[in-house]
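Following: one structure in structure tokens, then a few remarks.
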Number of protein chains: 2
Amino acid sequence: MIHDDATEAVFPIRVVAEKTGINPVTLRAWERRYGLVRPQRTAKGHRLYSEHDIHTITRILELLQQGAAISRVKDMLEESDTGHAPGALPHEPGTEGARTEVWTEHLRRMVTAVSAFDERALEATYSEAISVYPVDLVTRLLLEPLLHELTVRWEALPHAEAERRFLQGYLRNKLGARFHYQSLQSSGARLLLAGLPGEHVETPILMLALAVVSAGYRAILLGADCPLEVLEHACARADAAGLVVHADLLLPQQLLGQLRQLSETLPCPVFVGGNCTGSQRTALQDAGLIVLDADAAGTLQALRNALPAPD
Amino acid sequence: MIHDDATEAVFPIRVVAEKTGINPVTLRAWERRYGLVRPQRTAKGHRLYSEHDIHTITRILELLQQGAAISRVKDMLEESDTGHAPGALPHEPGTEGARTEVWTEHLRRMVTAVSAFDERALEATYSEAISVYPVDLVTRLLLEPLLHELTVRWEALPHAEAERRFLQGYLRNKLGARFHYQSLQSSGARLLLAGLPGEHVETPILMLALAVVSAGYRAILLGADCPLEVLEHACARADAAGLVVHADLLLPQQLLGQLRQLSETLPCPVFVGGNCTGSQRTALQDAGLIVLDADAAGTLQALRNALPAPD
DNA sequence: CAACAGTTGTATAATTTTTGTATAAATAAT
DNA sequence: ATTATTTATACAAAAATTATACAACTGTTG
């Protein structure tokens, strides 16, 4: 499939600026300073951007949103173009421990933003946090407490269901983008991942998926509230090295029985994560499942123990 | 189908100017400077435009509308005429026919990728398409047909539920990221957006949300399967200028009644999108709802009619 | 902790290009 | 004879170009 680039490049810089939200000055600065994008030129030197260039800009925007430095974006683009994979984003093994008031302040602002349905304020706080702290930390000390705090609050105020939905939409998009990005980079064994029947909330599943992916495995997401029969079929068809299920709620006895049966049937190990691992740990282990603890390190360890290490 | 151009070429330049809204001076400048349009001439050199010429001008106008530079438009027209090579932007059904095999090929590859649970292959195809064609076109000619094709297929093969979930996860992340990004840019009136009770699929809602946002409004997403009471509360609390609900399935009579009541209660207009607008259009209109057609242009028009234009 | 250098988005200035429109002189149409 | 259309030249506003500068941050180093 051959394209004549010259004939595709039609958009002047102003249009591109409007389409992408990037100031023309900035676009030129990126090109001059980092060689980013480099569109066609007319005989007189005016820039003509193609659809492909615009797509590149959106990719840049995605990377920036994940906290990448603009000066390093070019390499990342090239790496992901040449197919083979880079180590994703800089994760500083930070030495930050307490400083809890920072987080409670962020938390407070995010709660306020949610009750005003103000996505921009939500984003502002989140991206402020993400620009200071590594992603994992923000997830663990901000997003998870936020979800927890609001869940508690909503139980007392049932009419605030809309706010819960709003926040979940935001988090789903946010975590989903991160998962998607990391997913394309990962290359280890394939793990199926789904929420058990009755679990309708997606965000904790996405968090678990992120942990799995950043442990070096590939994750195939099958979403929330997934029937066990589907998982059984999918394991075979997808040639999965393992199955990870998620449950926050208490599992009924019947489901536990079905899970035991499933883990005996399947040729691959079955892991379980989520809050149910606290209260029902032994029951789950008796059913032949491998319990994933809430912390990332423990999750990684458990996966590595039961599976060949991915790298 | 060959026409005798001479018999069709009858419109003097002034008439064409009136029909198209383009100043005669400008029409001549386009012809002189870029070789655009070139109508027949009388023996003494007066321009005589044919119906086809006028159609060409319409196409030019569409391209300009999408931001193409006038100096580049000629190449694009020629490209899409020679059928080969992607005319980047043209949205007209007339010239799409010749290029459908591009889309069926992409479609085929995506179907294959889904049944192999291969996110990277999925991404590769999608990203190739998106780098050549504008987002809207890819959504309309690739993603929507893909969803439709696989839905049909899954009805015949119920065991492939896992594949459906896999694809929906992918699309949700993809569309969600786009929505999130656009959302932060948008600044118009706020519209609440949700799937009606019984509608569990998120992707069509996200597509509708993207249309709303690119029409210049802000969208507050409340997710799929949303109870009407939640919407009623949320409209007040979020100070929304409108409510958009989505439904692909047929709406039961009871829900129609509740919708009528809702639209009478709320101070803002209520819009409805999705496949149900085809079969239940009049019933929905009787209930006081404003129907959003499937195409983006119609959606935009309907929103603008009922709300103050955002920009 | 202060000083310094690097990063990065924006701003400004001086020029040039693009693009729609205006004008003039000549010819054609009605 | 009056009204249109044509070509060619000209003009002006909008938009693009490069180059330089700057402000707000970042991180490093003494």
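Below, read A as the first sequence line, B as the second, and so on, with proteins coming before strands; counting in each chain starts at 1. Keep in mind that what you see is a predicted model, and the values were worked out from it rather than measured.
- For B/A29, the side-chain atoms get nearest to C/dT21 when compared with the rest of C/dG9, C/dT21, C/dT18.
- If you take CD1 of A/I22 and P of C/dG9, they are 8 Å apart, rounded to a whole angstrom.
- Within 4.0 Å (heavy atoms only), B/P12 reaches sugar-phosphate atoms of the nucleic acid but no base atom.
- Dashed line: the shortest gap from a side-chain N or O of B/Y34 to OP1 or OP2 of C/dT18 is not under 4.0 Å.
- Here the P atom of nucleotide C/dT19 and the CG atom of B/L63 are 14 Å apart, to the nearest Å.
- Looking at B/H55 and B/R59, their side chains come closer than 4.5 Å, going by heavy atoms from C-beta outward.
- Rounded to whole Å, the distance from NE2 on A/H46 to P on D/dA15 is 12 Å.
- Taking the six-membered ring for Trp and thresholds of 30 and 60 degrees, B/Y133 and B/W103 have ring planes inclined between 30 and 60 degrees apart.
- The residue B/R28 sits close to a base: some heavy atom pair falls under 4.0 Å.
- Heavy-atom distances to DNA chain C give each of B/I70 and A/S71 a nearest nucleotide, and the one nearer the 5′ end belongs to A/S71.
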*Quick one: what's the B/S/- string for nucleotides 8-13 of chain D, heavy-atom cutoff under 4.0 Å, read 5' to 3'?*
-B----
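- The shortest distance between the side-chain N/O atoms of A/R47 and the OP1/OP2 oxygens of D/dA16 is not below 4.0 Å.
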Give the table of side-chain donor-acceptor pairs shorter than 3.5 Å for residues 12-20 of chain B, with sequence neighbours excluded, one pair per line with atom names and distance.
unit_1, atom_1, unit_2, atom_2, d
B/T20, OG1, B/V16, O, 2.8
B/T20, OG1, B/I22, N, 3.3

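- Each of B/V15 and A/L48 lies near DNA chain D, and the nucleotide nearest B/V15 is the one positioned closer to the 5' end.
- A side-chain N or O of A/Y170 and one of A/E123 form a donor-acceptor pair less than 3.5 Å apart.
- If you measure from atom CZ of B/R14 to atom P of C/dA29, you get 17 Å, rounded to the nearest angstrom.
- Side-chain atoms of A/D53 and A/S50 include a donor-acceptor pair closer than 3.5 Å.
- One can place CG of A/N23 at 12 Å from C1' of C/dT8, the figure rounded to the nearest angstrom.
- Look at CZ on A/F11: it is 17 Å from C1' on D/dA15, rounded to the nearest Å.
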*Would you check, one step at a time, whether the test side-chain contact (heavy atoms from CB on, under 4.5 Å) holds for A/L147 with A/E144?*
CA-CA 5 Å; A/L147 265 177; A/E144 285 182 0; 5.8 Å; no
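- With no hydrogens or angles considered, no side-chain donor-acceptor pair links A/E163 and A/S115 at under 3.5 Å.
- Taking atom CZ on A/R41 and atom C1' on C/dT18, their separation rounds to 15 Å, with Å as the unit.
- With rounding to whole Å, B/L36 atom CG is found 11 Å from C/dT19 atom P.
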